[in-house]
Amino acid sequence: MSTDSTSRPPLGFATQLVHADEGFGVEHGGVRKPIHTSVQYGFDDVRELIGVFQGTVKGGFNYARQGTPTTAALERRITQMEDGVGTVCFATGMAAICAVFLTLMKAGDHLVSSQFVFGNTNSVLGTLQGLGIEVSKVDATRVDAVAAALRPETRMVFVETIANPGTQIPDLEAIGALCAERGIVFVVDNTITSPWLFRPKAVGASLVINSLTKSIGGHGTALGGAVTDTGCFDWTRYPRILPAYQGQDTRQWALTQVRKKGLRDMGGSLSSEHAHQLATGAETLGLRTDRCSATALGLARHLAAHPAVAKVHYPGLESHPHHDRARRLFKAGSWLMAFELADSSRLVEVVNRLRLPVKATGLADTRTLIIPVAPTIFWEAGPEVRAAMGIADGLIRVSVGLEDLADLAADFDQALAG
Ligand SMILES: *Cc1c(COP(=O)(O)O)cnc(C)c1O
């Protein structure tokens, strides 16, 4: 299958996804990109080696810390999924997030972040402050809160599409427009929605982050992260790109710096073995996400009607504060759901009584995963941060898997009955 024909209409998401490797040229006619384990890459003519170092040989490899043919194939696949101009993969989602913050900002710069972010990302925001990068955390569900926090030295605005675990949804369209107007880099963590449910490019995101560990890998067997440039931001206007990375194609400036500083120097590199597993998992992204979203909606409705449940947080429910936004922007509500018990003293008892969901942290496995939030993933954050993020003591996070809805509903019923 040729992907470079311009005469044919563009292929659909799933078709492109399963045929992505072919366009890359797989060795010996193999259908899937193999696992390249070589750390070193040798050349007959040293001028080629020099060209790889200087970036004049396109797509060349020299040392696996900066990428391998297998990680490059995954990068290409993610670029396609996000409709971007390039991607850099990392060993984890956190490595990808840190690389964006640490390689594209310096002391004195200012970052505006949603206050509703992944716990470890929230911890990184504290690290940035220690390094002299100022951080304002705002209620990004309202664009006026973001606008009010902007300063002349604001370099980036950071949000998650659906916040984990509270499921708040930022005013993505308005923030995108605001960032475009003010020339600020808009970074969107698309982990919970994945490019199947939402492409942040549609709201003007500059950089998109995906934890590949979650939806894209989908099987809980490999960690990975990715940064994709959508091509929306004009990097010639960004003062933090070093001259060495200002190549001919200005759309690649930021990713070149992220790869050199974030991968080559900081070393959070994805292994070929894991890249291969993630790429294989990615092929069923749409099928899994549609199924899990439908089950999650069914389970959310079921729990919302249960007397032992005080509140269900799921964007697909009409009672969700950002339900209209979710319907307008996302194909479905995702596999992420949280609910509050009417009696928070029953937290441990109810979770322990459940038989099907695995009591574990982590998201977007094939199995349903469940965790009480306050005493685990948000324990280190402390009561003040938890209150600001809307995390009640009785909050339980559910990552809905591929089980049958009827089985899950019955299991929750028996656990809640007590
Ligand atoms: C899990 C997660 C991350 C971090 O990804 P890892 O691959 O576990 O490092 C970042 N952002 C969000 C929204 C996540 O859910």
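Numbering of ligands and ligand atoms starts at 1, following listing order. All residue numbers refer to positions in the sequence shown, counting from 1.
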K.L.:
For the atom pair CZ (R199) and NZ (K331), what is the distance rounded to the nearest 0.5 Å?
P.N.:
8.5 Å
K.L.:
Report yes if T213 has an N/O atom closer than 3.5 Å to an N/O atom of ligand 1; otherwise report no.
P.N.:
yes
K.L.:
E349: which residues meet the salt bridge (charged side-chain N to carboxylate O under 4.0 Å, His left out) condition with it, sequence neighbours left out?
P.N.:
R346
K.L.:
So which protein heavy atom does atom 15 (O) of ligand 1 come closest to, and at what separation?
P.N.:
K214 NZ, 2.9 Å
K.L.:
Can you tell me which portion of L363 lies within the under-4.0 Å heavy-atom range of ligand 1? Options are side chain, backbone, both, or neither.
P.N.:
side chain
K.L.:
Hey, can you tell me if F233 and Y238 have their rings parallel, tilted or perpendicular (30° and 60° cut-offs)?
P.N.:
perpendicular
K.L.:
Would you mind checking if R77 and E82 are paired as a salt bridge, meaning a charged N to carboxylate O distance below 4.0 Å?
P.N.:
no
K.L.:
What residue and heavy atom of the protein are closest to atom 3 (C) of ligand 1, and at what distance?
P.N.:
F118 CE2, 3.4 Å
K.L.:
Would you call E27-K33 a salt bridge at under 4.0 Å N-O?
P.N.:
yes
K.L.:
Less than 4.0 Å is my threshold; does some heavy atom of G224 fall inside it relative to ligand 1?
P.N.:
yes
K.L.:
Counting only N and O atoms by type, is there a donor-acceptor contact under 3.5 Å from the side chain of T295 to the main-chain atoms of L405?
P.N.:
no
K.L.:
For atom 13 (C) of ligand 1, what is the nearest protein heavy atom, given as residue, atom name and distance?
P.N.:
D189 OD2, 3.4 Å
K.L.:
Please tell me whether F339 and Y314 form a close aromatic pair, meaning their ring centres lie under 6.0 Å apart.
P.N.:
no
K.L.:
Out of curiosity, is I97 lining ligand 1, as in a heavy atom under 4.0 Å away?
P.N.:
yes
K.L.:
Give me the nearest non-hydrogen protein atom to atom 5 (O) of ligand 1 as residue plus atom name, then the distance to 0.1 Å.
P.N.:
S211 OG, 3.0 Å
K.L.:
Below the 3.5 angstrom mark, is there an N/O of I192, backbone or side chain, next to an N/O of ligand 1?
P.N.:
no
K.L.:
With heavy-atom distances below 4.0 Å as the criterion, list the atoms of ligand 1 near N164.
P.N.:
15 (O)
